[in-house]
Amino acid sequence: MNNIALQISNLGHAYKSDRWLFRDYNTQVKRGEVFALLGPNGCGKTTLLKILLGALKPAAGTVAIDGRMAFVPQLFQVTFDYSVMDMVLMGRARQVGLFSQPSAEDEEAAMAALERFGIAHFAGHPFHELSGGERQLVIFARALVSEADILILDEPTSALDLKNQIVVLDWITRLSHQDGLTVLFTTHHPHHALAVADDALLMLGGTKYAAGAASEVLSEDNLHALYGVDIKLLSFEHSGHSHETLVPVLPYASRARNGSTARESR
Amino acid sequence: MAEITLAVKSVLPTVREAAFSRRHGWALPMLLSVGVLLAMLASLCIGSYPMPFLQAARIVAHLAWPFPLPANPPWSVKEQTVVQVVRLPRVLLATIAGLGLGVSGTALQGLLRNPLVDPNIVGVSSGAAFGGIMAMLWDFSPVGIIGAAFCGGMLAMMLTFGLAKLSHAGSDSMILILSGVFVGAFFLSLIEFVKFVSPDSKLPTMIYWLLGTFVGADAKKIAMIAIPTLIATSILMCLRWRINLLSLGDLDAKTLGVNVRGLRWLVIALVSLIVASQVAVSGVVAWVGLVVPHIARMFVGPDHRRLLPTGALLGALFVLILDDIARALVHAEVPVGVFTALVGTPVVCFLLWKSQGKGWGRE
């Protein structure tokens, strides 16, 4: 295995021949790193994920993947109400033979993964009854038990409350640092990318993109070009460590807060 | 009524708990197996000629015994003829057909991620019926009828998937079901056309066969249904955990390492084989594949490792009981397909009403 988990070369895709969603993208995801993918709605993030997952053939370019992949979709809905244990056990699909059933060892591996995420007590619970954050952890456990090398997450924090967003982001870092997993995730929150990602790709449309170290790519200028709004980079100290975060500036609300606009009476 | 509902509600979690647990997970399928055997014996006693339960059991035991019968058996020749020639083939035919329909409905619902699917809805039964009726029109041999019904069923399934693909929906389950409804309607109109052009001598047999009936069961028919059904069911049983994976959706299953396309077509081919052999020997017996998986899911939950065997056994029990009713209710025998539809429709309506706002796995 080399140090590159995922290599994108001259990649492009267009659903109609003359309208390219993105084109001539070149970047690489290093093994064991956290990689963030950012872009406004409709820029082709989901299309790019489908190409990476092999569900869509790109119109141009190539993707080289070195390792097994596991996918965590944005909204995880199952028609049938499997138990949490059943869900995690499905991660063993590659280890269980075509005509075989999961063995006691597979069940032990699934239980160990649930214990790792501190949700072993949910093993017999129906998956439907868990909260969004708990479901996300179950899918993480499934990815872990599948012995995947690359974890691909589509907006993993989009439907979560603040506490669960932090839990999920923390686990993304842990899976990368402690388990050596390569994690690629899409997000609409630049501050999430800045907090956990080593590298990032900003999809600016057409042939424009910015790729590189998250701390460099997630600049105020790049984010303004990406979203068309002002985003400020703030630095602060907490528990003896320096931190950086990104805060959007709301054009009207911030002026209203400062009294520079007058509330009109009807 | 309220007391009965309360009692059922209090018993269900206990049954489900027992069925789910690793230690007692097979308790319900084992119990159902015994239930099916008892129901088969009881079915031998139903009919215009009275037959005590123990007498029927004794005759069956001696028929299954690999040694010569005793010189003076404690039953009359007439009793033995009724069991051996008239009732036993029919009971076996109904049991195998029900088992196959239960398995195929359960597998299809998992495969298409939709609990409102059965071989009839996705057009397989209509396609198989068209193949079968064409074979009857052209005087094919019994094996030829199975082959034609299988080709019809597979053709219908391919058309259903092709139509869904044309709409760029791929394996979107709702589009697949809609495509199945269109394909089913197309084959039904073809059947009507064949009936219209068929000679009068063949028409009554065709109509009675299409309504679904186990009348005229014999060893040849049993072999025709048993061999393909038992082979396909055995393979589906081995694949039952893989059906869990397919029920997650194409993208998710694919990223888990499943060969979605190959596995899906394998399951479809096996289901088509089961349905084709059932349709070939006993016509279209509708609603069984739709109703039975729901009842099975109430007891053992959605995991196909337990659901598929439970669905198979419940399917056998369901068809066996309805065939008994079809035989016993009125003097002139009603085709069992009429009864399965009559019973199946209200049962599914009840389950639909009961599952409002809930997942189908939690009936």
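The structure presented is a predicted model; accordingly, all values stated were derived computationally and were not measured. Below, all heavy atoms of this structure are taken into account, side chains as well, without hydrogens, waters or symmetry copies.
If you take CG on B:Leu239 and CD on A:Gln101, they are separated by 8.5 Å, rounding to the nearest 0.5 Å. A:Phe71 contributes atom CZ, which lies 5.0 Å from atom CG of B:Leu251 (distance to the nearest 0.5 angstrom). With rounding to the nearest 0.5 Å, the separation of CZ in A:Arg142 from CG in B:Leu248 is 6.0 Å. Between atom OG1 of residue B:Thr255 and atom CG of residue A:Leu151 there is a gap of 10.0 Å, rounded to the nearest 0.5 Å.
Taking both residues in full, the closest heavy atoms of A:Tyr82 and B:Pro302 are given as CE2-O, 3.4 Å, listed atom of the first, atom of the second, then distance.
The number of heavy-atom neighbours closer than 6.0 Å to CZ of A:Arg94, taken from other residues, nucleotides and ligands shown, is above 12.
With a 4.5 angstrom heavy-atom cutoff, A:Val72 does not touch chain B via any of its atoms. In this structure, chain B has no heavy atom under 4.5 Å from any part of A:Ile152. The part of A:Met69 that comes within reach of chain B is its backbone (N, CA, C, O), which places non-hydrogen atoms under 4.5 angstrom from that chain.
The candidate from B:Leu256, B:Leu263, B:Val258 with the greatest count of non-hydrogen atom pairs under 4.5 Å with chain A is B:Leu256. For chain B, the option among A:Pro73, A:Ala93, A:Ala55 with the highest count of heavy-atom pairs below 4.5 Å is A:Ala93. Your options are B:Ala253, B:Cys238, B:Gly249, and the one with the most heavy-atom pairs under 4.5 Å with chain A is B:Cys238.
Between B:His304 and A:Phe80, the ring-plane angle classifies as perpendicular under the 30° and 60° cut-offs.
The closest side-chain heavy-atom distance from B:Ser247 to A:Thr79 is not below 4.5 Å. Side-chain contact between A:Leu98 and B:Asn259 is absent, with no heavy atoms from C-beta onward closer than 4.5 Å. Side-chain contact between A:Met90 and B:Asn244 is present, with at least one heavy-atom pair separated by less than 4.5 Å.
In summary, A:Asp81 and B:Arg297 do not engage in a salt bridge, as defined by a charged side-chain N under 4.0 Å from a carboxylate O.
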